[in-house]
*Asks:* 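Below is the structure I would like to discuss, written out as structure tokens.
Just so we're on the same page: letters track the sequence lines, and every chain starts at 1.
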Protein chains: 2
Amino acid sequence: MTGTKKHTVKSIAQMLNVSTATVSNAFNRPDQLSRELRQRILAECERLGYSGPNPAARSLRTGATGVVGVMLADKLAYNFTDSCALEFLQGVSQVLDDAQVNMLLMPGRREFYREKSLEAIPERYILYGPPRDMGILERIERQRKPIVSVDFSLPNHLALNVDNYGGAKAAAQHIFATTDGPVYVMGLRLTKTPMMKRIDEEELRSPDLSISRQRLEAYLDAGREAGRPIRTEHIWSSNESTWYEGIQAAREALNSVPRPAALLCMSDQLALAALSVARELEIDVPGQLKIVGFDDTPEARRNHPQISTVYQPSVEKGRLAAMMVLNPERYESRVLPTTLHIRETS
Amino acid sequence: MTGTKKHTVKSIAQMLNVSTATVSNAFNRPDQLSRELRQRILAECERLGYSGPNPAARSLRTGATGVVGVMLADKLAYNFTDSCALEFLQGVSQVLDDAQVNMLLMPGRREFYREKSLEAIPERYILYGPPRDMGILERIERQRKPIVSVDFSLPNHLALNVDNYGGAKAAAQHIFATTDGPVYVMGLRLTKTPMMKRIDEEELRSPDLSISRQRLEAYLDAGREAGRPIRTEHIWSSNESTWYEGIQAAREALNSVPRPAALLCMSDQLALAALSVARELEIDVPGQLKIVGFDDTPEARRNHPQISTVYQPSVEKGRLAAMMVLNPERYESRVLPTTLHIRETS
DNA sequence: TCGACTGTCCGTAAGGTTAAACATAACCCG
DNA sequence: CGGGTTATGTTTAACCTTACGGACAGTCGA
């Protein structure tokens, strides 16, 4: 009910008997006016509760929105539970904050966009993992804005990857070197159809560049090189890296015959779940069963026993992705290193 | 280098020989034109890669941005590591997604805002915890936009709280009933100066409505009612609910004499840290030491042993906060219930 | 002393959209 | 048939900002 009229550059300008351009400059180009006038204007704005030029009008005029879209593979809620994604986002937000740029989190499934599409807002995109719904990708590419893809590659765009193959291979080699019995794989999203728990021969032969497949290839290669190839029926897959799905898959794997001597897990989340099931079945880790994870999330380190895992620089990955998308011309596609950390579960 | 001219309502309109208003209506008011014309326009837009009216121009014209600001107490990075905050955000994003509204995460410290302030963008605010820098609050209130405060209250605005006192009291009563020795408190942000590990008498007497203090009062009252008042020097405080700080405080507490028989922790994070230190010192939980947490985060449930804790509906809190801020006139301030979950650490 | 330069400030013209008011034709009902 | 409704479009006027080209006075170098 308070008739507090909205302030604009114009109203401020009138009040001070200067031009609107000058008020604008006071905010945006300090060098365009004398220090004292600028101070006077800013003080008046403060007094009147005018907190700077209207962002909508500005971005209409300049054509820039100051927003970077971070498209996550799936729906948002899921990523809020995945600490690997969280560390990545943390890295991104550090850099974006410094650059005074906003981060718009976007789900990677078209169902979440109705008609009033948001795609128009961001000026640049970070794609964290291949979007579930690849149709969205096409629409984004059509906008011809800077794109950085993370954990996968896109022709003609900057890509930021991690040495999944190297890390997974190191982990697998370590396991094969310290184990005699059968080695099982706890995979992530290996099958095309969400409900499948096992990958089949045919699917195994079809090409796929996802990080899961890179890791799987490394596991398989290590097995072959050790003269103990991993059998297809020993590869389990859970569709999401959630606690519940992990528990289910681990329960099936650990109850099967012959019982595995080691579990190569494609995420720490899965390793944690496997560990929990092992405790439930009274299987001693690492005595009877060795477990190695992937990602090196904080939970892996904090757990008892501490989980052996492959470190990947998630925060740094986020920081770098943000820097790359802000200055695409200054960067080239990169692959970040991974390192095996042997701890208490192997 | 492709001369792909930018499309606008105007260019589309020209191309189809209709007015700009009609194109606009095709997107915003389906009832204002015939179904066929609308289809024709939409198809043409799809063909040309025009993904709808420019959001900046729209919001300049309508005065609405479709953005809800979620102001977090501190810097953003911190919240990405606190699973209680994460669950809250998850709840918020569920509702906001459905309402086609965007969520802008904002840090609660002024240092993060330079001149090109973002405060002007959001049309409504959710304040998650009292902002570190209260000056920011004043500036937001001046804008006279809907505000919902969560976990604290603000005169003349909707507030959403949780029964901290009740939950903490139940936890403390349970501990006093099952323990004989000294009961220590592991607090959160109890002291004004960040570096202090112990609260002093004077500070204890100064009023404070933060959730930490509500919980503390409950602990103290329970102690008094049990005839075993908690001594001031048995109250520890860590400034952030991080793993590292928790470990430090727990180490000091568990090494002090007399050794506590129970720890009332103000967060699960702290309880987890305490548990880890207990293991390090070979103190049996719950045999020699009982521990109870707060929040009931997923980690509390997954841990071995599972942590006894006070459940608060974090996701629901987020959902409700979002609904309240979208329809302030339909809601009143509320206090959500908490429940004690006794598990394996007490 | 003159021309060139510098430091300040101003006027104007977009920029893409939509609400409101207006226009037109088709339709309906007694 | 006449008056009023409905369905469908159009015209116009903001919304608030900033880039750009000028304008004007004072300063500097030769």
*Asks:* Given atom CD1 of B/Ile41 and atom P of D/dT8, what is their separation to the nearest angstrom?
*Replies:* 13 Å
*Asks:* What is the distance, to the nearest angstrom, from the CZ atom on B/Arg40 to the P atom on D/dT8?
*Replies:* 14 Å
*Asks:* Does B/Ser34 place a side-chain N or O at less than 4.0 Å from the phosphate oxygens OP1/OP2 of D/dG9?
*Replies:*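 Yes, within the criterion.
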*Asks:* Please report the C-alpha distance between A/Leu320 and A/Leu336 in whole Å, then the side-chain angles of each, then the deciding distance to 0.1 Å, and finally whether the side-chain contact (heavy atoms from CB on, under 4.5 Å) criterion is met.
*Replies:* CA-CA 10 Å; A/Leu320 198 53; A/Leu336 299 175; 3.9 Å; yes
*Asks:* Of all the heavy-atom pairs spanning B/Asp151 and B/Ile211, show the shortest one and how long it is.
*Replies:*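 Answer, listing the atom of B/Asp151 first, then B/Ile211: O-CG2, 3.5 Å.
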*Asks:* Can you see whether A/Arg58 engages A/Asn28 through a side-chain donor-acceptor pair at a distance of less than 3.5 angstrom?
*Replies:*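 Per modelled atom types, A/Arg58 and A/Asn28 side chains form a pair under 3.5 Å.
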*Asks:* Report yes or no: do A/Thr8 and A/Asn54 form a side-chain donor-acceptor pair below 3.5 Å?
*Replies:*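 No, A/Asn54 and A/Thr8 have no side-chain donor paired with an acceptor closer than 3.5 Å.
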*Asks:* Going by the angle between their ring planes, with limits at 30° and 60°, are B/His7 and B/Tyr50 parallel, tilted or perpendicular?
*Replies:* perpendicular
*Asks:* For C/dT18, does either OP1 or OP2 sit under 4.0 Å from a side-chain N or O belonging to B/Ser24?
*Replies:*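 Yes, such a contact exists.
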*Asks:* Should the heavy atoms of other residues, nucleotides or ligands under 6.0 Å from CD of A/Glu36 be counted, would the total exceed 12?
*Replies:* no
*Asks:* Looking only at the side chain of A/Ala57 (C-beta and beyond, no hydrogens), which of the listed nucleotides C/dC9, D/dC16, C/dT12 gets closest?
*Replies:* D/dC16
*Asks:* Of the nucleotides D/dT10, D/dC16, D/dT17, which has the atom closest to the A/Val9 side chain?
*Replies:*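 Nearest to the side chain of A/Val9 among the choices is D/dT17.
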*Asks:* Are more than 12 heavy atoms from other residues, nucleotides or ligands located less than 6.0 Å from atom CD of B/Glu329?
*Replies:*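 Yes, because the 6.0 Å sphere around CD of B/Glu329 holds more than 12 heavy atoms from other groups.
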*Asks:* CD of A/Gln32 versus P of D/dA23: gap in Å, rounded?
*Replies:* 17 Å
*Asks:* Does A/Asn25 have a side-chain nitrogen or oxygen under 4.0 Å from the phosphate oxygens OP1 or OP2 of C/dC9?
*Replies:*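 Answer is no, no contact under 4.0 Å.
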*Asks:* Starting the side chain at C-beta, find the nucleotide from D/dT18, D/dC16, C/dC9 nearest to A/Thr8.
*Replies:* D/dC16
*Asks:* Which atoms form the tightest heavy-atom contact between B/Met324 and B/Ala159, and what is the distance?
*Replies:* CE-O, 3.8 Å
*Asks:* Do A/Arg61 and D/dT17 have a side chain to base donor-acceptor pair shorter than 3.5 Å?
*Replies:* no
*Asks:* Does D/dA19 have its OP1 or OP2 closer than 4.0 Å to a side-chain nitrogen or oxygen of A/Arg29?
*Replies:* yes
*Asks:* Can you check whether B/Ser19 has a side-chain N or O nearer than 4.0 Å to OP1 or OP2 of D/dT10?
*Replies:* yes
*Asks:* Once you apply a heavy-atom cut-off of 4.0 Å, does B/Leu33 come out as touching a base, just sugar-phosphate, or nothing?
*Replies:* sugar-phosphate
*Asks:* Whole Å only: how far is the CZ atom of B/Arg58 from the C1' atom of D/dA14?
*Replies:*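 Answer to the nearest Å: 17 Å.
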*Asks:* Using only side-chain N and O atoms of B/Tyr50, determine if any of them is under 4.0 Å from OP1 or OP2 of C/dG16.
*Replies:*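 The answer is no; no side-chain N or O of B/Tyr50 sits under 4.0 Å from OP1 or OP2.
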*Asks:* What is the separation between atom CD on A/Gln14 and atom C1' on C/dG11, rounded to the nearest whole Å?
*Replies:* 15 Å
*Asks:* What is the separation between atom CG on A/Asn54 and atom P on D/dA14, rounded to the nearest whole Å?
*Replies:*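 Checked: the CG to P distance equals 18 Å.
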*Asks:* Measure the distance from CG on B/Leu60 to C1' on D/dA13 and round it to the nearest whole Å.
*Replies:*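 My rounded result for the distance is 13 Å.
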*Asks:* Categorize B/Thr22 for me: base, sugar-phosphate, or nothing, with a 4.0 angstrom heavy-atom threshold over every strand shown.
*Replies:* base
*Asks:* Mind calculating the distance between CD (B/Gln39) and P (D/dT8) to the nearest angstrom?
*Replies:* 14 Å
*Asks:* For the helix from C/dT1-D/dA30 to C/dG30-D/dC1, measure the angle between the helix axis at one end and the axis at the other, each built from five pairs, rounding to 10°.
*Replies:* 20°
*Asks:* Are B/Asn28 and C/dT18 close enough that a side-chain N or O sits under 4.0 Å from OP1 or OP2?
*Replies:*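 True: B/Asn28 side-chain N/O within range (under 4.0 Å) of C/dT18 OP1/OP2.
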